[in-house]
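To find a chain, count down the sequence lines: A is the first, B the second, and so on, and within it residues start at 1. Predicted model, so just to flag it, every value in this text is computed and none were measured.
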There are 2 protein chains.
Amino acid sequence: MTTSKKTPSPEQTPLEEAYPTTVTGLVLEERLGYALRRAQLKVFKHFDEAMREHDIRPAQFSSLVVIEGYPGVTQSNLAQTLSIDPPRVVSLINSLEERGLALRVRCKRDRRSHGIFLTKTGEALVERLKGLAEQSDLDATQLLSEIERRQLLTLLRKVYASEEGND
Amino acid sequence: MTTSKKTPSPEQTPLEEAYPTTVTGLVLEERLGYALRRAQLKVFKHFDEAMREHDIRPAQFSSLVVIEGYPGVTQSNLAQTLSIDPPRVVSLINSLEERGLALRVRCKRDRRSHGIFLTKTGEALVERLKGLAEQSDLDATQLLSEIERRQLLTLLRKVYASEEGND
DNA sequence: AAAAAATAGTTACCTATTATAACTATATCT
DNA sequence: AGATATAGTTATAATAGGTAACTATTTTTT
């Protein structure tokens, strides 16, 4: 507080002996956010690989699955459910519609909103994709026992369950 | 296979009764990648909030912590350790250097590489940030007991431990 | 020792993701 | 009817992240 302005610690040893090329995270490994990000990176990489053949992105997959479970779901429903904002839903559904996987049906009762439905092609594809996704999860978590995998899932859900600050 | 070309399922009920504004993910909730993403979103949101005052991004925090643990670490070390690519490290260290938190010291033995060190300001800040990050993790996982939090961390590490495909 | 190959860091560029603001059309409220 | 709210859309911008090509150095090969 009293001495220097930028305090550049000039007496540092300029790297006499080098560290091994990969060092461990130390304190970092204790950080939940870091662990989550790393784990997600890995799981998503496997997912991408599994979906590459069908050129499906994670958000597209999620949308397809929700639409399958709730035929006629509206775009605002989707936005809420997936915690993404409306403009994102637009381009998402556009991409699905262009590929003939889903379609918008203007709602009779409230002509502002669109119900979204899967086409037959979409239905067939999502069935296939769910299998691939399942397998991709298993691949990505080889080191986990079935019990651990379930534990992990339960804990993760518990983390994001309370979306208090999800404004 | 025999009838239509795009199969737009025209006989669908155009959303007679609407779904509640937020529907549950169903199958989606069973997907590890989805749960990971949602949990990460929440944890990162808390982190952002905690760091806002200091205007520190997750990657900057991670870098600071690693540099603190390994003074004189090189940029390639960092890239390896954090699984990010070299150009990203450049801008990361630039931002830290511009703010007087870290500095590059050209290595005497191999003048191609830079050892990275924290300034006194950087050291002071990272100490403060670690406390904030710790608290932010706790806030983000209120619903978890201390045991569950440790379990979660262990499981996550186990997931990303084997970075076979991290080419 | 000179030439070739490899390495650390940098720069320039390009793409995908995600957020923000403003607009339209319908619907609801008073 | 007029004001207000809502569903969806468009346009736009900020950002993360990733690739390719370049410079400076070091190491390897001959």
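- A donor-acceptor pair under 3.5 Å is formed between the side chain of Asn77(A) and the backbone N or O of Thr74(A).
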Summary of protein contacts for nucleotides 15-26 of chain C, nucleotide by nucleotide, where a base hit scores B, a sugar-phosphate-only hit scores S (4.0 Å, heavy atoms): -SSSSBB----B
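- Remark: Lys130(A) engages Glu68(A) in a salt bridge, criterion side-chain N to carboxylate O under 4.0 Å.
- As rounded to whole Å, 8 Å separates atom P of dG8(D) from atom CG of Asn77(A).
- A salt bridge is absent between Arg149(A) and Glu30(B); no separation between the charged side-chain nitrogens and carboxylate oxygens falls under 4.0 Å.
- Look at Thr74(A) and you won't find any side-chain N or O under 4.0 angstrom from OP1 or OP2 of dA7(D).
- If you take CZ of Phe44(B) and P of dA16(D), they are 12 Å apart, rounded to a whole angstrom.
- Distances shorter than 4.0 Å separate none of the side-chain N or O atoms of Ser76(B) from OP1 or OP2 on dT7(C).
- Across the protein-nucleic acid pair, Asn94(A) atom CG and dG8(D) atom P stand 12 Å apart, rounded to whole Å.
- Remark: P of dG18(D) and CG of Leu82(B) are 13 Å apart, rounded to the nearest angstrom.
- Distance Arg104(B) CZ to dA24(D) P: 17 Å, rounded to the nearest Å.
- The bend of the helix from dA1(C)-dT30(D) to dT30(C)-dA1(D), defined by the angle between the axes of its first five and last five pairs, stands at 20° to the nearest 10°.
- Remark: the backbone N or O of Ser95(B) is not paired with any side-chain donor or acceptor of Glu98(B) at under 3.5 angstrom.
- At distances below 3.5 Å, not a single donor-acceptor pair connects side-chain atoms of Asp85(A) with backbone N or O atoms of Pro87(A).
- Between the P atom of dG9(C) and the CG atom of Leu78(B) lies a distance of 9 Å, rounded to the nearest Å.
- Atom-to-atom, CG of Asp48(A) to P of dG17(D) comes out at 14 Å; the value is rounded to the nearest Å.
- Formation of a donor-acceptor pair under 3.5 Å by the Lys158(A) side chain with backbone atoms of Leu144(B) is not found in this model.
- In terms of the side-chain contact (heavy atoms from CB on, under 4.5 Å) criterion, residue partners of Ser91(B) (sequence neighbours excluded) are, by chain and number, Arg88(B).
- Aromatic ring centroids of Phe61(B) and Phe47(B) lie under 6.0 Å apart.
- Heavy atoms only, all atoms of each residue included: Arg37(A) and Ile84(B) are closest at NH2-CG2, 3.8 Å.
- One can place CD of Gln75(B) at 17 Å from P of dA24(D), the figure rounded to the nearest angstrom.
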